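Step one of this worksheet: look at the structure below.
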Amino acid sequence: MAETGEEETASPEASGFSDLSDSEFLEFLDLDDESSASVSKPGPSELPEKDGKSVSLQNWKRGLDVSSPMERFHLKYLYVTDLSTQNWCELQMAFEKELPDFLTPEKAAVLDTGASIHLARELELHDLVTVPITTKEDNWAVKFLNMLSMIPTLQSEGCIREFPVFGEVEGVFLVGVIDELHYTAKGELELAELKTRRRPMLPLEAQKKKDCFQVRLYKFIFDAMVQGKVTPEILIHHTKLCPDKPLGPSVLRHARQGGFSVKSLGDLMELVFLSLTLSDLPVIDILKIEYIHQETATALGTEIVAFEEKEMRDKVQHYMAYWMGHREPQGVDVEEAWKCRTCNYADICEWRKGSGVLSSTMEPQTKKAK
DNA sequence: ATTGCTCAAGGG
């Protein structure tokens, strides 16, 4: 299985030895956080609100007019986990998108351990090969090549891990990765999502809710893909990929080694589309979440999740209304205010002050005029 | 140039 490795082409003096060998195994995935230091924040802080008149003088160049979060954050698409984070707390997710996140070391360590466990599981099934890439086209090409190698495995009822999914949902393009797909003894296609936990305890209800939402969304997107609803045109429209842009040499080499004679990204997209729709892949029958303890790998619990498409779609629609700029972001309900205790943005968040608890107790007798 | 723009999930 191929894994993309970023290559610095921007700095001319580093052109010599920056290549990663394309057969390098990924032994350490520790991403250096130093790159986040150079994030330039497009200051959304100083928008002059003026007097409410529509600022729609069409030829004002800069986006002074109101824009959706998708535009403000310069997003062409969202990750599935963006929406599950949004399920946890919409405001926290919004803060994370606009401020470079400052994870505490403890939190980072838990995430890191989780990532390692997931990587170890993936390595049980196949080796990883690093393919140097320089463009987003290369990156998607590698993703497609991985899919092309996994689909036949799935078709012959094998087990695959880290399967990419993408598609348009409620007008917004979503990109994600399914942990694992396999068939049960009864021949049903089962999605298995692994969640590792720092403490050997069952997850709280709020955690389960979020995880259930995540796997339902995966099924929704995967099903749409095998049903031919996700076309190359839709993909290109949202991602602005250039199907004719030449692919990097390492990607082309990797494709050839995989037995795919493709010249362009467009070729690959067609191939993936055909493979997805002509392989007789079923929709996902069963959604399963497994919780295990990080340190001991002890099983903590297994959830079989009902699809409940209607509820899931209503939720997505509500979330997308935020992303499209149709409504303001919301914080958690009072009964979930405990989430704020571990939130990095609690001190700059205005939600708790303005919501429920106070406003109801602060107007005691104004209504009792009889 | 008026310039540009994404590896997803990782856990609570």
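What's counted below: heavy atoms across the whole structure, side chains too, no hydrogens, waters or symmetry copies. Chain letters run A, B, ... following the sequence lines, proteins first, then strands; residues in each count from 1. Every value quoted in this text rests on a predicted model; they were computed, and no experiment measured them.
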Integer-rounded Å distance: B:dG10 P and A:D211 CG = 9 Å
inquiry  = Any salt bridge linking A:R121 with A:D179? Criterion: basic side-chain nitrogen under 4.0 Å from a carboxylate oxygen.
reply    = no
key: Candidates B:dG11, B:dA8, B:dC5 - which lies nearest the side chain of A:Y77   = B:dA8
inquiry  = Of the listed nucleotides (B:dC5, B:dA8, B:dG11), which one gets closest to any side-chain atom of A:K210?
reply    = B:dG11
request  = Would you indicate whether A:E335, at its atom CD, is surrounded by more than 12 heavy atoms from other residues, nucleotides or ligands within a distance under 6.0 Å?
outcome  = yes
query = In terms of side-chain geometry, is the basic nitrogen of A:K229 or A:E168 positioned less than 4.0 Å from the acidic oxygen of its partner?
reply = no
message = Taking 4.0 Å as the cut-off, does a side-chain nitrogen or oxygen of A:K143 come that near to OP1 or OP2 on B:dC7?
response = no
note = Among B:dA9, B:dG11, B:dA8, the one nearest any side-chain atom of A:V175 is B:dA8
query = What is the distance, rounded to the nearest whole Å, between atom CZ of A:R198 and atom P of B:dG10?
reply = 18 Å
note = Quick note, A:V177 side chain, CB onward, closest among B:dA8, B:dC5, B:dG11 is B:dA8
note = Side-chain atoms of A:Q207 come closest, of B:dA8, B:dG12, B:dG11, to B:dG12
ask   = Where the side chain of A:V80 is defined as all heavy atoms beyond and including C-beta, which of B:dG10, B:dA9, B:dA8 is the nearest nucleotide?
value = B:dA9
message = Categorize A:Y291 for me: base, sugar-phosphate, or nothing, with a 4.0 angstrom heavy-atom threshold over every strand shown.
response = nothing
task = Identify, with sequence neighbours excluded, every residue that meets ring-ring contact (aromatic ring centres under 6.0 Å, His included) alongside A:F307.
result = none
key: Mutual orientation of the aromatic rings belonging to A:F173 and A:W140 [parallel < 30°, tilted 30-60°, perpendicular > 60°]   = tilted
task = To the nearest Å, give me how far apart CD1 (A:I178) and C1' (B:dA9) are.
result = 13 Å
message = Given B:dG11, B:dG12, B:dA8, identify the nucleotide with an atom nearest to the side chain of A:W88.
response = B:dG12
Given DNA chain B, 5'-ward residue of the pair A:H118 and A:N139, judged by closest heavy atom = A:N139
request  = By nearest nucleotide on DNA chain B, pick out whichever of A:T85 and A:K136 is the more 5' one.
outcome  = A:K136
message = Categorize A:Q214 for me: base, sugar-phosphate, or nothing, with a 4.0 angstrom heavy-atom threshold over every strand shown.
response = sugar-phosphate
request  = Please state whether the base of B:dG10 and the side chain of A:Q294 form at least one donor-acceptor pair under 3.5 Å?
outcome  = no
